[in-house]
Protein chains: 2
Amino acid sequence: MPRRRARGTGAPQRPAPEVSAPVFAALGDETRLWLITALCAGGSQSIAQLTAGTQISRQAVTKHLRVLAEAGLVRDVKVGRERLWEFAPGQLEEARRSLDVIAAQWDYALTRLKRAVEG
Amino acid sequence: MPRRRARGTGAPQRPAPEVSAPVFAALGDETRLWLITALCAGGSQSIAQLTAGTQISRQAVTKHLRVLAEAGLVRDVKVGRERLWEFAPGQLEEARRSLDVIAAQWDYALTRLKRAVEG
DNA sequence: AAAAAATGCAACCATTTGGTTGCCTTTGTC
DNA sequence: GACAAAGGCAACCAAATGGTTGCATTTTTT
């Protein structure tokens with residue numbers, strides 16, 4: 001039985017584009033990035049509160065929040081007559097991992113290239 | 001003169017949405033994510049080569065490459081009658097940092113909340 | 001009960017996006 | 001020189017996106 005390869009020397013796993021793409025798409029808008037950081041730093045906030053921080057209409061904010069929610073980046077809790085939105089860290093971690101995987105693939109390719117040149 | 005605050009205890013810096021958003025937007029498409037990983041793992045490739053790996057037309061691939069180039073994620077070199085595209089790691093690193101900053105903000109907010117509850 | 005606040009729903013609009021096709025130009029190759 | 005390969009340019013199209021406005025609904029507050 002051949003010895004197990006040491007960790008980190010094989011080709012890195014490919015990320016699954018069909019899962020990460022929607023998250024990146026959701027992050028790919030200035031207003032939504034702003035909403036994320038606002039919720040992240042300021043805790044749960046209502047639509048009205050969030051709207052107060054922007055130049056756009058409440059309805060526009062609502063739509064952006066829906067996009068973020070569908071990407072799993074935020075979730076909402078209804079409380080009384082208002083709806084509080086909060087950041088959900090899961091998918092952002094997933095996105096981080098995706099970028100890490102791409103970076104690792106790149107490093108791996110560079111290393112291979114270097115070896116090929118030297119050897 | 002007051003002693004300098006120890007590293008990592010202050011509120012993290014906000015990311016600049018206007019710089020990171022276009023990069024995330026460029027990453028927010030399955031085909032483009034695929035192109036990135038293809039270039040990342042397979043080195044410089046021509047439009048024809050890249051098109052061969054997809055179901056869409058050469059022109060569509062060209063358009064996607066242009067989007068990626070405008071986000072600074074790839075660059076091209078003309079050689080003879082073909083144009084070779086290669087991955088450019090800079091903006092992806094920037095995107096990674098952006099996500100790190102958001103995650104750090106979140107951690108900071110959680111810590112603060114925890115302290116408030118305990119104290 | 002009436003008024004105000006917070007939100008939902010729906011229609012509408014302009015622009016962008018992701019894709020196509022057809023044809024022209026440039027560059028190798030036989 | 002003729003032909004094939006690789007790519008550029010431009011027009012076109014349908015659908016998605018980001019925004020608006022108007023009005024209805026649900027909860028509070030007074």
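Residue numbers start from 1 in every chain, and the chains themselves are labelled A, B, ... in the order their sequence lines are given, proteins ahead of strands. Since we're looking at a predicted model, the values are computed, not measured.
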**Q** Provide, to the nearest angstrom, the distance between the CD atom belonging to A:Glu70 and the C1' atom belonging to D:dT17.
**A** 13 Å

**Q** From C:dG18, D:dA6, C:dT21, pick the nucleotide closest to the side chain of B:Arg32?
**A** C:dG18

**Q** Starting at the 5' end of DNA chain C and moving along, which residue's nearest nucleotide shows up first, B:His64 or B:Arg58?
**A** B:His64

**Q** Would you kindly give the CG-to-C1' distance between B:Leu68 and C:dG18, to the nearest whole Å?
**A** 13 Å

**Q** Return the nearest nucleotide to the side chain of B:Ser46; candidates are D:dT28, D:dG22, D:dG7.
**A** D:dG7

**Q** Please figure out whether A:Lys78 or A:Val67 has its closest DNA chain D nucleotide nearer the 5' end.
**A** A:Val67

**Q** Please pick, from C:dA5, C:dA10, C:dT20, the nucleotide with the shortest atom-to-atom distance to any side-chain atom of A:Arg81.
**A** C:dA5

**Q** To the nearest angstrom, how far is A:Ile56 atom CD1 from D:dG19 atom P?
**A** 5 Å

**Q** Do A:Arg58 side-chain atoms and A:Thr51 backbone N/O form a donor-acceptor pair below 3.5 Å?
**A** no

**Q** What is the distance, to the nearest angstrom, from the CD atom on A:Glu82 to the P atom on C:dA4?
**A** 19 Å

**Q** For atom CZ of A:Arg66, decide whether the heavy atoms of other residues, nucleotides or ligands shown that lie under 6.0 angstrom number more than 12.
**A** no

**Q** Atom CG of B:Asp29 to atom P of C:dT17: distance rounded to whole Å?
**A** 11 Å

**Q** Can you measure A:Leu35 atom CG to D:dG19 atom C1' for me and round it to whole angstrom units?
**A** 14 Å

**Q** Are A:Asp29 and A:Val67 close enough, and set up right, to give a side chain to side chain contact (heavy atoms under 4.5 Å, CB included), and what steps lead you there?
**A** CA-CA 11 Å; A:Asp29 178 279; A:Val67 172; over 6 Å; no

**Q** Do the side chains of A:Leu68 and A:Trp85 get nearer than 4.5 Å, heavy atoms only?
**A** no

**Q** Within less than 4.0 Å of OP1 or OP2 of C:dG19, is there a side-chain N or O belonging to B:Ser57?
**A** no

**Q** C:dG22, D:dA11, C:dT29: which one has an atom nearest the side-chain heavy atoms of B:Lys63?
**A** D:dA11

**Q** Between A:Asp76 (CG) and C:dT7 (C1'), how many Å, whole number?
**A** 12 Å

**Q** Output the rounded distance in Å from CZ (B:Arg66) to P (C:dG18).
**A** 11 Å

**Q** Taking any heavy-atom pair under 4.0 Å as a contact, classify B:Ala60: base, sugar-phosphate, or nothing.
**A** base

**Q** Taking a hydrophobic cluster as the set of Ile, Leu, Val, Met, Phe, Trp and Tyr residues connected by side-chain heavy atoms closer than 4.5 Å, whether directly or through intermediates, do B:Phe87 and A:Leu113 fall within one such cluster?
**A** no

